[in-house]
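Please read the structure below before turning to the comments.
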2 protein chains.
Amino acid sequence: MSASVQKHDVFQAIADPTRRDILRLLAEKELSILEITGHFPMSRTAIAKHLHILSEAELVSGRKIGREKRFRLQPESLDELKQWLSYFEQFWNNKLSMLKHIVENQNETDLKVIKTDPDKL
Amino acid sequence: MSASVQKHDVFQAIADPTRRDILRLLAEKELSILEITGHFPMSRTAIAKHLHILSEAELVSGRKIGREKRFRLQPESLDELKQWLSYFEQFWNNKLSMLKHIVENQNETDLKVIKTDPDKL
DNA sequence: TCGATATGAAACCAAATGGTTTTGTTTTTC
DNA sequence: GAAAAACAAAACCATTTGGTTTCATATCGA
């Protein structure tokens, strides 16, 4: 029963376009919930929920100032995303690695064709 | 009625951990649906659905070879993710930009406190 | 002190998500 | 030509998601 409310991770957090837009806004400056809501065609409660999810992913942090709660960007968590991305970069940014990858795959394909359908040659 | 089946984008595609694992697998080599399924505790149909979503996001491409369909990584689409990330990098990787950002936000905060609660000083 | 402001929290809802099982089609293989 | 293999497509289902409305609480300003 407990521990069932699985925290959101960075990948889920940025999956929603509204949340990505919120991050853009907060990159500019710290903003209250109402100020953020002003930029979107939805209710304050909806925005508050998005902020909660972004908080869980530690992409934003909020602090109470008087009666309002102001949020700011906490970009460090985006590093997890960058790390994940970096693994795949060898397959497209680095031309040599990419070429190597393609050639290796092509060889496998050829072997497969030879094995399963020799008439095609 | 038509055009309602909204295509998945890269952000949604990588939100699911199973799909991220599939991408890792396909980075190694081209694989058929059944070969991929062998790595996961779920049915072939479930994997096929994940592959369909990854295809929509153009992160993988599939081609029929005989009776099997083999998928390979198509990493170019990850560039959209990289572009998105790059906007935020100024706020944490570049120490100078980050410091500038923090200082600017801190100034705003101070002004706010002065304006709304002068007694606190 | 009292009304307005800013938020928190809960109940509710439709649609999307991530899985299943079932049925059908194409391609191999013997 | 028939059985098996690999997949596609569809129906179904529980849970999550992304929104709403409603109500409660804390703080500010006159």
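Letters A, B, ... are given to chains in the order of the sequence lines, protein chains preceding strands, and every chain is numbered from 1. Quantities reported herein were computed from a predicted structural model and do not represent experimental measurements.
In this entry the distance linking CG of B:Leu51 with P of C:dG18 reads 13 Å, nearest Å. Rounded to whole angstrom, the span from the CG atom of A:Leu31 across to the P atom of C:dT7 amounts to 11 Å. Here C:dT20 presents its P atom at 13 Å from CZ of B:Phe40, a figure rounded to the nearest Å. Look at NE2 on A:His50: it is 17 Å from C1' on C:dA9, rounded to the nearest Å. If you measure from atom CD1 of A:Ile36 to atom C1' of C:dT7, you get 13 Å, rounded to the nearest angstrom. The CD-C1' distance, from A:Glu35 to C:dT7, rounds to 14 Å in whole Å. For the pair A:Glu30 CD and C:dA6 P, the computed distance is 16 Å after rounding to whole Å. Atoms CG (B:Asp16) and C1' (C:dT17) sit 9 Å apart, rounded to a whole Å.
Distance from the side chain of B:Met42 is smallest to C:dT20 among C:dT20, D:dG19, C:dG18. Distances were taken from every side-chain heavy atom of B:Ile53 (C-beta onward) to each of C:dT20, C:dT7, C:dG18; the shortest belongs to C:dG18. Which of C:dT7, C:dG18, D:dC7 sits closest to the side chain of A:Glu68 comes down to C:dT7.
A distance of 9.5 Å separates NZ of A:Lys7 from OG of A:Ser55, quoted to the nearest 0.5 Å. In this structure, NZ on B:Lys69 lies 12.0 Å from CZ on B:Arg63, to the nearest 0.5 angstrom. Interatomic distance, NE2 of A:His8 versus CG of A:Asp16, reported as 10.0 Å (0.5 Å rounding).
Remark: B:Lys69 is not in phosphate contact with D:dA6, judged by side-chain N or O atoms under 4.0 Å from OP1 or OP2. Not one side-chain nitrogen or oxygen of B:His52 sits closer than 4.0 Å to the OP1 or OP2 atom of D:dA8. Considering only side-chain N and O atoms, B:Gln12 lies nowhere under 4.0 angstrom from the phosphate OP1 or OP2 of C:dA16. Distances shorter than 4.0 Å separate some side-chain N or O of B:His8 from OP1 or OP2 on C:dT17.
Remark: B:Asp9 engages A:Arg20 in a salt bridge (Lys or Arg N to Asp or Glu O under 4.0 Å) (not counting sequence neighbours). In terms of the side chain to side chain contact (heavy atoms under 4.5 Å, CB included) criterion, residue partners of B:Leu85 (sequence neighbours excluded) are, by chain and number, A:Leu78, A:Leu81, A:Lys82, A:Leu85, B:Trp92.
The main-chain N or O of B:Arg70 is never found under 3.5 Å from a side-chain atom of B:Ser32 such that the two would form a donor-acceptor pair.
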Contacts table for residues 36-46 of chain B: side-chain donor-acceptor under 3.5 angstrom, sequence neighbours left out:
| residue | atom | partner | partner atom | Å |
| --- | --- | --- | --- | --- |
| B:Thr37 | OG1 | B:Ile33 | O | 2.8 |
| B:His39 | ND1 | B:Glu35 | O | 3.1 |
| B:Ser43 | OG | B:Ala46 | N | 3.2 |

Could you list the protein-to-nucleotides 9-11 of chain D atom pairs, N/O on both sides, closer than 3.5 Å?
none

Do any N or O atoms of the protein come closer than 3.5 Å to N or O atoms of nucleotides 25-27 of chain D, and which pairs are they?
| residue | atom | partner | partner atom | Å |
| --- | --- | --- | --- | --- |
| D:dT27 | O2 | A:Arg67 | NH1 | 3.3 |

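A ring pair (Phe, Tyr, Trp, His ring centres under 6.0 Å) check over residues 10-34 of chain A, counting only residues at least two apart or in different chains, returns the pairs A:Phe11-A:Trp84.
Hydrophobic clustering (side-chain heavy atoms under 4.5 Å, transitive across Ile, Leu, Val, Met, Phe, Trp, Tyr) groups A:Phe71 together with A:Leu25.
Each of B:Leu51, B:Ile14, B:Val60, B:Ile53 was scored for a side-chain contact (heavy atoms from CB on, under 4.5 Å) with B:Arg19, with one residue passing: B:Ile53.
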